[in-house]
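Here's the structure, in structure tokens; my notes come after.
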Amino acid sequence: MISRRLLFGALASGVTGCTEYNQQSVLNPAGPQSTSTHQLFIFMLVVAALVYVVVVGGFLLVVRSRRLPDAPPDSPRREADATRAVKIAVGVVVPILFIFLVYDLAVAHGIGRMPTDRSMLTIDVTGRQWWWDVVYEDPVPQNSFHTANEIHIPVGIPVRIKLASHDVIHSFWIPNLAGKKDLIPGHDNEIWIRADKPGTYRGPCAEFCGIEHAKMALFVVAEPQAQFAEWILHQRQPSVLPSDSLTSRGFMVFKSGPCATCHTIAGTGAAATVGPDLTHLQSRSTIAAGTLQNTRGNLAGWILDPQTLKPGAKMPPNAIAPKDFQALLAYLETLK
Ligand code: CUA
């Protein structure tokens, strides 16, 4: 059993055995939308706390000063007191609720308005049971590329995210950056995000979408523009072809075995879209949508027995001869 100290230590530092990321919380905003909802929350909390103190304080004062009944319950004086109390309550509560409503509508209007720059970066995110298929759109078709479960964005620049679903309803939610938006089959949706601080922000799928809903995380890596431009250039490249006998053997295992029936590796002819694109697999921090840290050991366990690690996932167990398996792992490790 996980000790309490270990659990809360992990939560506080944003480490859950998968990858390091900024503490996943709406109370730790890193973008304009999350900052304005955070300010709204703090405002409502403070006002509600003040009202609570005033109401409870008033109640205690009344109880103290009226300990002995000086008039029968149905006397005119009691009725006048009750009417006055109701008037005060309505006079205080209604204006406060109205202020909350106006502030709330203003925040909703501000965060919902899509920036008008039509040339801004657009990323297509498609929810699948249980991972995220990601396409970076580009006006030049050969510059578009696929990735999965991890998106990179430049710091300080708004990014349009187009949302679609391949199967059931999922929900896109990066708590540190913005609110939720559903991915609905047959209905296109969109949201925009902007990160004002570099970092890695984790997003859980926010709509129950089947038994592995909890193992459907998306990471947003916000990085300085130069670093982001470098990442984009690298992702556009096809995979490196095997350069020695071990990785060549691994490549043949990939191409002739079950892997190529589900996965794409750009530049190899493998172009199936059942599972995540693996062209730059090693550039991602996790595998299986945040389920495991991306290490050789975890990758090996995942390929051999995904159903134990993520029961119900589409990937079947794979029995591969040991020497072929080591060669396959060596090849997959070259997909930087
Ligand atoms: Cu996808 Cu929950």
Side-chain angles (χ1 to χ4, degrees), residues 10-11 14-19 21-28 31 33-34 37 111 122-137 146-153 159-193 195 200-222 262-264 272-278 281 284-294 298 302 305-316:
L11 287 176
V15 180
T16 60
C18 280
T19 187
Y21 50 86
N22 298 56
Q23 186 187 13
Q24 180 196 303
S25 171
V26 289
L27 302 179
N28 185 19
Q33 294 140 302
S34 52
T37 46
I111 64 180
T122 301
I123 305 174
D124 293 350
V125 173
T126 302
R128 316 259 309 225
Q129 280 174 315
W130 292 278
W131 57 283
W132 305 89
D133 192 9
V134 178
V135 181
Y136 279 69
E137 283 185 15
H146 273 262
T147 182
N149 304 323
E150 193 172 298
I151 61 183
H152 286 233
I153 61 171
V159 177
R160 179 200 315 275
I161 313 272
K162 287 194 192 166
L163 302 168
S165 172
H166 186 258
D167 35 51
V168 299
I169 299 177
H170 305 271
S171 191
F172 179 93
W173 185 35
I174 312 297
N176 301 68
L177 299 182
K180 297 174 188 172
K181 189 74 100 171
D182 282 359
L183 301 89
I184 302 165
H187 174 83
D188 292 339
N189 243 346
E190 60 179 17
I191 191 172
W192 67 278
I193 56 172
T200 300
Y201 305 103
R202 183 182 185 273
C205 176
E207 179 78 37
F208 182 72
C209 54
I211 54 170
E212 295 306 331
H213 156 72
K215 288 183 179 167
M216 185 171 170
L218 177 71
F219 293 89
V220 174
V221 181
C262 291
H263 295 281
T264 291
T273 55
V274 179
D277 185 302
L278 302 180
L281 171 66
R284 301 176 208 149
S285 55
T286 72
I287 50 175
T291 306
L292 298 165
Q293 201 169 2
N294 189 359
N298 285 341
W302 173 252
D305 191 9
Q307 294 302 316
T308 297
L309 297 160
K310 196 169 172 177
K314 298 274 189 299
M315 182 147 150

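The figures here come from the full heavy-atom set of this structure, side chains too, leaving out hydrogens, waters and symmetry mates. In listed order, ligands and their atoms are each counted from 1. The chain is numbered in sequence order, starting from 1. Note that the structure is a prediction, hence the values are computed from the model and not measured.
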#### Entry: side chain to side chain donor-acceptor pair (under 3.5 Å) between Thr286 and Asn294, worked out
CA-CA 4 Å; Thr286 72; Asn294 189 359; over 6 Å; no
Original post:
Is the shortest heavy-atom distance from the side chain of Val26 to the side chain of Pro175 under 4.5 Å?
Top reply: yes
message = Has Gln307 got a side-chain atom pairing as donor or acceptor with Gly312's backbone, closer than 3.5 angstrom?
response = yes
Result for side chain to side chain contact (heavy atoms under 4.5 Å, CB included) between His146 and one of Val135, Asp124, Thr264, Leu278 points to Val135
Between Trp132 and Phe172, is there a donor-acceptor pair closer than 3.5 Å when you use the side chain of the first and the backbone of the second?
no
Would you mind reporting whether Thr273 and Asp133 have side-chain heavy atoms less than 4.5 Å apart? no
Ignoring waters, protein N/O/S atoms under 2.8 Å from atom 2 (Cu) of ligand 1 are Cys205 SG, Glu207 O, Cys209 SG, His213 ND1
